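Report on the following structure.
It should be emphasised that the depicted structure is a prediction, and the values quoted were computed from it without experimental measurement. Chain letters run A, B, ... following the sequence lines, proteins first and then strands; every chain starts at 1.
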There are 2 protein chains.
Amino acid sequence: MSFTYEYPRAALTVDAVIFGYDASENELRVLLIQRALPPFQGKWALPGGFVRVGESTDEAARRELQEEAGLQKVFLEQLYTFSAPERDPREHVITVAYMALVHLLDHPPQAATDAAQAAWFSLSELPPLAFDHDQILETAHRRIQSKIRYEPIGFELLPSKFTLTQLQHLYEAVLGQALDKRNFRKRFLAMDLLKDTGEVQQDVAHRAAALWSFDRRRYERLRKEGLNFSL
Amino acid sequence: MSFTYEYPRAALTVDAVIFGYDASENELRVLLIQRALPPFQGKWALPGGFVRVGESTDEAARRELQEEAGLQKVFLEQLYTFSAPERDPREHVITVAYMALVHLLDHPPQAATDAAQAAWFSLSELPPLAFDHDQILETAHRRIQSKIRYEPIGFELLPSKFTLTQLQHLYEAVLGQALDKRNFRKRFLAMDLLKDTGEVQQDVAHRAAALWSFDRRRYERLRKEGLNFSL
DNA sequence: ATGCATAGTGTAGATGTTACACCATGAGCT
DNA sequence: AGCTCATGGTGTAACATCTACACTATGCAT
């Protein structure tokens, strides 16, 4: 790495694709923010912002999540860095994109923000997006679809206690395909990652389902021993 | 993305983990460059350099590959972005790391460079590296190991014509585990991605093996139809 | 002609995957 | 109390895939 410091520097931002799962509609959703300022004024965009000197991009992403969407302690992972010089019409802005997963119930549709308006959109009814955010979102969607098959990230989208049917519906929503009920249960229970809470659903007009929770401790243990989680 | 332009900006670089496969030693190797200047003067480092304004990080990575290692038209993909503020002792430098795969024979050990010395190191005999390059290299190693299982990237490391035994040895070197000869051939041939060139090895003191080549066209076709390449 | 090194090939048993249908339970209603 | 209704919860047989494993074929060197 031969260094010279005289080069002009591109600006650096982070942007986050925040997924939530709407159990009542059985849909995967994304949190978008309506831009108050040009360029793309009035268009919807991913929440994000400037990376500050002295702060890692992970830190910047968490800070923006907090500032723009009021989210704390959510699942967050780096996705990809987008750097086409023309992606921002003003100047060369490079963005490190992140993917976040949240429990929708904890974070109601009109998540509070500084100034801008925020809303959850279903993936099938996306508005036109600012910048190259459609590309970023597509990348995130592919990532979650492939990742959910071999890592137990689905639980990040559900409340801490859930029924097996809810879990299955979530997987179906993320993968966009129906799954066989008996096989789904058999496999998931065989992995031994779920803990039966002993509780059951309340207030349902039919047989109440058992409530399960994800046993993260057991997962970490199994992972070290070379577990092969795979749906 | 709320913008203000007064922030100081971190510097942005690209670094590349360049893998080559040494068929005679059955080893995966990495191209490193010895630093001529501080910090980490004299230490080995990944080739890389500044991203210029108006240039994507992909372009920057290709330019650096050319300038520092004389490499053109190689397989290149983005790996991860490393951004810890203390990773460069001088100031906050964020780097977008790339992974490149080359045919070692085309690019002999002492690849020409501007000023610095370059050399291929086997993964088991790495020198101490500058910056956080050991971390980047480890990330790249994990990536190639998982990626080679479900995408046909092994061919990027071999000459265009190769024997099945060479292919198997390459996989064994990358994965770090022995594979069964008959099963390996059965599976690979069943995928229907190899073209028999009709030629055989020359100048060997035993039965000559058939030479095969990767049929990229057929692969692209099958991929669109939802091929499941997997070793 | 023999030796030697590597090329090239098949199968049986075990394991994992798929497709598929019925009884159980509990709330709500009459 | 008994029925209805909606969803919960369960097993198996056919099929496909994966694994382990050993011998013959070829061609050069001597």
Side-chain angles (χ1 to χ4, degrees), chain A residues 23-26 148-150 158-159 161-173 175-213 222 225-231, chain B residues 23-26 146 148-150 154 158-159 161-173 175-213 222 225-231:
Chain A
S24 61
E25 297 282 339
N26 254 341
I148 205 173
R149 295 175 164 279
Y150 59 86
L158 286 178
K161 295 171 186 178
F162 47 85
T163 69
L164 291 177
T165 301
Q166 283 166 355
L167 185 62
Q168 182 181 344
H169 287 163
L170 163 64
Y171 270 79
E172 290 175 334
L175 296 174
Q177 69 180 263
L179 301 171
D180 180 86
K181 180 163 129 180
R182 278 180 288 191
N183 294 338
F184 181 85
R185 286 166 183 240
K186 213 186 320 170
R187 278 209 227 182
F188 233 109
L189 293 176
M191 286 178 215
D192 204 33
L193 296 176
L194 299 181
K195 213 165 31 191
D196 190 336
T197 63
E199 299 169 56
V200 296
Q201 266 181 325
Q202 295 302 316
D203 302 319
V204 287
H206 52 78
R207 175 173 177 185
L211 289 170
W212 300 79
S213 67
L222 291 174
E225 296 162 12
L227 164 73
N228 52 337
F229 177 105
S230 127
L231 194 80
Chain B
S24 61
E25 298 281 339
N26 255 342
S146 72
I148 205 173
R149 295 176 165 279
Y150 59 87
L158 285 177
K161 294 172 186 178
F162 47 84
T163 68
L164 291 177
T165 300
Q166 284 165 356
L167 185 63
Q168 182 181 342
H169 286 163
L170 162 65
Y171 270 78
E172 290 174 335
L175 295 174
Q177 68 179 263
L179 302 171
D180 179 87
K181 180 162 131 182
R182 279 180 287 191
N183 293 339
F184 181 85
R185 286 165 182 240
K186 215 185 321 170
R187 277 209 227 182
F188 233 109
L189 294 175
M191 287 179 212
D192 205 32
L193 295 177
L194 298 181
K195 211 163 37 190
D196 189 337
T197 63
E199 300 169 56
V200 296
Q201 264 181 325
Q202 295 301 318
D203 303 319
V204 287
H206 53 75
R207 176 174 177 182
L211 289 170
W212 300 79
S213 67
L222 290 175
E225 296 162 12
L227 164 73
N228 52 337
F229 177 105
S230 125
L231 192 79

Walk along nucleotides 6-15 of chain D from 5' to 3' and tag each nucleotide B, S or - by protein heavy-atom contact under 4.0 Å, base first, then sugar-phosphate. BSBBBBB---
Judged by atom type as modelled, is there a donor-acceptor pair below 3.5 Å linking the side chain of A/Gln168 to the main-chain atoms of A/Arg185? no
With distance as the sole test, does B/Glu25 use its side chain to make a donor-acceptor pair with the main-chain N or O of B/Ala23 at under 3.5 Å? no
Shortest non-hydrogen contact between [X] and [Y], atoms and distance:
{"X": "A/Gln202", "Y": "A/Val200", "value": "NE2-O, 3.2 Å"}
{"X": "A/Asn183", "Y": "A/Asp180", "value": "N-OD2, 2.9 Å"}
{"X": "A/Ser230", "Y": "A/Met191", "value": "O-CE, 3.7 Å"}
{"X": "B/Arg149", "Y": "B/Leu175", "value": "NE-CD2, 3.9 Å"}

How close or far is atom C1' of D/dA20 from atom CZ of B/Phe184, stated in whole angstroms? 17 Å
Can you give me the first and the last nucleotide of DNA chain C (5' to 3') that has an atom within less than 4.0 angstrom of a non-hydrogen atom in chain B? C/dA5 to C/dT11
Taking only residues two or more places apart in sequence, or in another chain, which ones meet B/Glu199 in a salt bridge (charged side-chain N to carboxylate O under 4.0 Å, His left out)? B/Lys161
For a 4.5 angstrom cut-off between non-hydrogen side-chain atoms, does [X] reach [Y]?
{"X": "B/Leu211", "Y": "B/Thr163", "answer": "yes"}
{"X": "A/Leu231", "Y": "A/Ile148", "answer": "no"}
{"X": "A/Trp212", "Y": "A/Phe188", "answer": "no"}
{"X": "B/Leu167", "Y": "B/Phe184", "answer": "yes"}

For nucleotides 16-18 of chain D, list the nitrogen or oxygen atoms of the protein found under 3.5 Å from its nitrogen or oxygen atoms, one pair per line.
none

Degree of bending in the helix from C/dA1-D/dT30 to C/dT30-D/dA1 once both end axes are built from five pairs, to 10°: 0°
Only pairs at least two apart or in different chains count here, so list each salt bridge (charged side-chain N to carboxylate O under 4.0 Å, His left out) that has a residue in residues 187-196 of chain B. B/Asp192-B/Arg218
